[in-house]
Amino acid sequence: MKLSVPGRAAATAVAVTVLASTALLTTGTAAGAASAPDTTTSTSSASSVGLAAAPGLPVANVKAHLTQLQSIATANGGNRAHGRTGYRASLDYVKAKLDAAGFTTTIQQFTASSRTGYNLIADWPGGDTNQVIMAGSHLDSVTAGAGINDNGSGSAAVLEIALAVSRAQYQPTKHLRFGWWGAEELGMVGSKYYVNNLSSANRSRVKGYLNFDMIGSPNPGYFVYDDDPTIEQTFKDYYAGIGVATEIETEGDGRSDHAPFKNVGIPVGGLFSGADYIKTAAQAAKWGGTSGLAFDRCYHSSCDTTANINDTALDRNSDAAAYAVWELSE
């Protein structure tokens with residue numbers, strides 16, 4: 001998540017120079033503490049509570065992607081930041097999984113802070129390309145660390161949802177598209193690049209964008225974006241079905257990759273488990289964890305590693321994300 005609230009150092013201003021565009025942009029239709037033991041399984045999926053036929057994502061699969069992202073960071077100077085080798089290696093890992101699963105992938109290239117950045121877009125064949133449902137996350141970390149919660153957690157969940165679509169050979173009415181954004185930590189640069197290079201007609205084809213930025217915080221909350229009422233209610237319905245209370249997300253409002261979509265009128269929504277805001281006593285009573293401590297004490301720090309993930313939060317949020325993708329694309 002981008003650092004941009006009062007009392008914190010402002011993010012460096014970024015000048016973006018377009019180096020390359022793709023057919024996708026012109027057509028829009030291109031092919032902490034150690035985590036607690038995982039106490040939820042696929043029985044927390046939407047299908048088990050009678051809401052929709054979405055699969056429960058095995059949390060072990062999501063964590064396996066996080067392990068790979070950690071290994072990539074470790075082998076590349078300890079981070080996966082924009083313009084660094086760790087970022088491109090992360091993108092290559094995700095792309096290889098998607099290509100093998102039958103997605104049409106597109107890499108978009110841009111320049112920010114004199115370094116080359118990349119977005120990865122993946123389209124699932126089929127569905128009405130005049131009605132696109134998109135899910136995305138930022139793939140970059142800050143330079144201080146591996147960024148496993150921020151935002152390996154969202155990136156891994158979105159990847160596993162895409163792979164679940166492939167495994168199920170899901171054929172929804174609407175067209176499914178997934179995105180992994182570069183340079184979010186510099187000011188949502190990659191997602192702005194994507195949105196700004198869509199024509200107004202192609203923007204209108206995107207009927208919903210779902211954003212997942214930090215969904216495995218070690219002292220987690222369960223926060224739902226309140227931007228689009230239909231998307232918001234979809235997530236709330238899922239959580240009501242598994243008996244987990246939610247709150248409206250405010251800490252990251254306007255600070256992640258949903259903002260460029262929202263700014264051009266695309267309906268947006270998403271999930272969040274908390275960054276460096278402090279968990280209250282009331283929230284600890286509702287969700288567990290420790291009051292008086294940050295939701296993620298390792299936010300933007302070197303300790304944001306695979307040890308900085310709460311398995312239960314990661315599992316629940318991943319399943320909720322899958323449910324929303326299925327429900328909104330039917």
Q | Working for side chain to side chain contact (heavy atoms under 4.5 Å, CB included), residues Tyr299 and Asp150 | A | CA-CA 7 Å; Tyr299 175 65; Asp150 185 16; 3.4 Å; yes

Q.
What I want to check is whether the side chains of Asn219 and Thr290 have a donor and an acceptor closer together than 3.5 Å.
A. no

Q: State whether the side chain of Asp123 and the backbone N or O of Arg177 hold a donor-acceptor pair below 3.5 Å, judged by distance alone.
A: no

Q. Sub-3.5 Å donor-acceptor pair from the side chain of Glu251 to the main-chain atoms of Tyr277, do we have one?
A. yes

(Q) Could you measure the distance from the CD1 atom of Ile121 to the CE atom of Met134? Nearest 0.5 Å is fine. (A) 4.0 Å

**Q.** Chi angles and distances behind the side chain to side chain contact (heavy atoms under 4.5 Å, CB included) call for Leu69, Thr306
**A.** CA-CA 9 Å; Leu69 294 177; Thr306 50; over 6 Å; no

(Q) I'd like to know if the side chain of Lys279 and the backbone of Gly288 have a donor-acceptor N/O pair within less than 3.5 Å. (A) yes

**Q.** N/O donor-acceptor pair under 3.5 Å between His175 side chain and Gly126 backbone
**A.** yes

Q) Looking at Pro267 and Asp228, what are the two nearest heavy atoms and their distance? A) CB-OD1, 3.6 Å

Q: Of all the heavy-atom pairs spanning Ser217 and Asn310, show the shortest one and how long it is.
A: O-CB, 3.2 Å

Q: Flag the pair Val195 / Asn263 as yes when at least one side-chain heavy-atom distance between them is below 4.5 Å, and no otherwise.
A: no

**Q.** Asn151 side-chain N/O to Met214 backbone N/O, donor-acceptor pair under 3.5 Å
**A.** yes

Q. Should Tyr225 and Asn211 count as side-chain neighbours, where that means a heavy-atom distance under 4.5 Å?
A. yes

Q) Is the shortest heavy-atom distance from the side chain of Tyr209 to the side chain of Lys262 under 4.5 Å? A) no

**Q.** Path from Val62 to Leu210 over hydrophobic side-chain contacts below 4.5 Å
**A.** yes

Q. Pick one: which of Ser256, Ser137, Ser273 meets side-chain hydrogen bond (donor to acceptor under 3.5 Å, both in side chains) with Asp213?
A. Ser256

Q: Could you tell me the separation between the NZ atom of Lys63 and the CD atom of Gln70, rounded to the nearest 0.5 Å?
A: 12.5 Å

**Q.** Cluster overlap Val264 with Tyr194, hydrophobic side-chain contacts below 4.5 Å
**A.** yes

Q. Should Val165 and Phe178 count as side-chain neighbours, where that means a heavy-atom distance under 4.5 Å?
A. yes

Q) Which of parallel (below 30°), tilted (30 to 60°) and perpendicular (above 60°) describes Phe261 and Trp181? A) tilted

Q: Return yes if some donor-acceptor pair links the side-chain N/O of Lys192 with the main-chain N/O of Gly187 below 3.5 Å, else return no.
A: yes

Q.
Strictly distance-based, threshold 3.5 Å: is any side-chain N or O of Trp180 a donor or acceptor partner for the main-chain N or O of Leu91?
A. no

**Q.** Qualifying ring pair (Phe, Tyr, Trp, His ring centres under 6.0 Å) pairs with a residue from residues 123-172, counting only residues at least two apart or across chains
**A.** Phe103-Trp124, Tyr170-Trp326

Q.
Check for me, please, whether Leu98 and Leu139 land in the same ILVMFWY cluster - side-chain distances under 4.5 Å, paths through other members count.
A. yes

Q. Can you tell me if Lys174 uses its side chain to pair, donor with acceptor, with the backbone of Gly127 under 3.5 Å?
A. no

(Q) Within the 4.5 Å heavy-atom criterion, are Tyr87 and His82 side-chain neighbours or not? (A) no

Q: Enter the distance from Arg115:CZ to Leu186:CG here, rounded to the nearest 0.5 Å.
A: 10.0 Å

Q: Check the surroundings of atom NZ in Lys207: do more than 12 heavy atoms from other residues, nucleotides or ligands lie under 6.0 Å from it?
A: yes

**Q.** Nearest non-hydrogen partners of Val268 and Ile231, listed with the distance
**A.** C-CD1, 3.7 Å

Q | Spatial distance of atom CG (Leu328) from atom OG1 (Thr234) [nearest 0.5 Å] | A | 4.0 Å

Q. Parallel, tilted or perpendicular: which describes the rings of Phe295 and Phe223, with under 30° parallel and over 60° perpendicular?
A. perpendicular

Q: Look up atom CG in Asp311 and atom OG in Ser318, then write down how far apart they are to the nearest 0.5 Å.
A: 10.5 Å

Q: State whether a side-chain donor-acceptor pair under 3.5 Å links Asn79 with Ser141.
A: no

(Q) Using 0.5 Å steps for rounding, measure from the CG atom of Leu271 to the CD1 atom of Ile215. (A) 7.0 Å

Q) So, does Ser301 use its side chain to make a donor-acceptor pair with the main chain of Cys303 at under 3.5 Å? A) no

Q. Under 3.5 Å, side chain of Arg80 to main-chain N/O of Ala146, donor-acceptor pair present?
A. yes

Q | From CA spacing to verdict: side chain to side chain contact (heavy atoms under 4.5 Å, CB included), Ile107, Arg88 | A | CA-CA 11 Å; Ile107 294 176; Arg88 183 57 198 245; 3.6 Å; yes

Q. Can you list the residues that meet the side chain to side chain contact (heavy atoms under 4.5 Å, CB included) rule with Ser291, with sequence neighbours excluded?
A. Ala281, Ala284

Q) Shortest non-hydrogen contact from Leu66 to Ala156? A) CD2-CB, 3.7 Å

Q) Does the side chain of Tyr239 reach to within under 4.5 Å of the side chain of Asn317, using non-hydrogen atoms? A) yes

Q. Can you tell if the side chain of Ile242 reaches within under 4.5 Å of the side chain of Tyr323, non-hydrogen atoms only?
A. no

Q: Return the minimal non-hydrogen interatomic distance between Ala294 and Ile278, and the atom names on each side.
A: N-CD1, 3.6 Å

Q) What residues form a side chain to side chain donor-acceptor pair (under 3.5 Å) with Asn61, not counting sequence neighbours? A) Glu160

Q.
Determine whether Asn149 and Met1 satisfy the following criterion, side chain to side chain contact (heavy atoms under 4.5 Å, CB included), listing intermediate values before the conclusion.
A. CA-CA 10 Å; Asn149 188 37; Met1 177 179 292; over 6 Å; no

Q | side-chain hydrogen bond (donor to acceptor under 3.5 Å, both in side chains) evaluation trace for Asn119 with Tyr193 | A | CA-CA 9 Å; Asn119 293 328; Tyr193 173 78; over 6 Å; no

Q) Do Val59 and Thr312 have side-chain heavy atoms sitting under 4.5 Å apart? A) no

(Q) Would a single hydrophobic cluster contain both Val142 and Val189, if residues Ile, Leu, Val, Met, Phe, Trp and Tyr are joined by side-chain heavy-atom contacts under 4.5 Å? (A) no

Q.
Quick check: closest heavy atoms across Leu314 and Ser153, and the distance to 0.1 Å?
A. CD1-CB, 4.0 Å

